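Everything numeric in this text was worked out from a predicted model, so none of it was measured.
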Amino acid sequence: MSSVLADELFYNTSNGAAAIGVFDRSGNYTQLNAYAARGFSTGWTKIIEQP
């Protein structure tokens, strides 16, 4: 069984900044990557998970 409970993407629709990280089963968050403003296009309203 994996120690990772959830993968997360935090995204700022106004400026395109984002962070990607994981929560472990104890609730601890580890950031894996960060993207500065304009790292992604702005204005997204939906994000879907792909296998």
Side-chain angles (χ1 to χ4, degrees):
M1 178 179 278
S2 173
S3 63
V4 172
L5 179 62
D7 299 322
E8 297 294 331
L9 167 67
F10 299 96
Y11 165 72
N12 183 319
T13 190
S14 298
N15 68 12
I20 297 172
V22 294
F23 284 96
D24 67 19
R25 295 199 176 276
S26 297
N28 301 306
Y29 176 75
T30 301
Q31 184 170 305
L32 302 176
N33 209 339
Y35 299 87
R38 296 183 300 279
F40 288 91
S41 299
T42 59
W44 294 0
T45 58
K46 294 175 181 58
I47 300 172
I48 60 169
E49 182 178 3
Q50 296 263 330

Exercise. Take Leu32 and Val22, measure what side chain to side chain contact (heavy atoms under 4.5 Å, CB included) needs, and give me the verdict at the end.
Key: CA-CA 7 Å; Leu32 302 176; Val22 294; 3.8 Å; yes

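- Summarising the geometry, atom CZ belonging to Phe23 is positioned 10.5 Å from atom CG belonging to Asp7; distances are rounded to the nearest 0.5 Å.
- Thr42 contributes no side-chain N or O that, together with a main-chain N or O of Gly16, makes up a donor-acceptor pair within less than 3.5 Å.
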Exercise. In sequence, state the C-alpha distance, the side-chain angles, and the governing distance for Phe40 and Asn12, and then conclude on side chain to side chain contact (heavy atoms under 4.5 Å, CB included).
Key: CA-CA 9 Å; Phe40 288 91; Asn12 183 319; over 6 Å; no

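- The two residues Ala18 and Leu9 make their nearest non-hydrogen contact at CB-CD1, 4.0 Å.
- Closest non-hydrogen pair, Tyr11 versus Gly43, comes out as OH-N, 3.2 Å.
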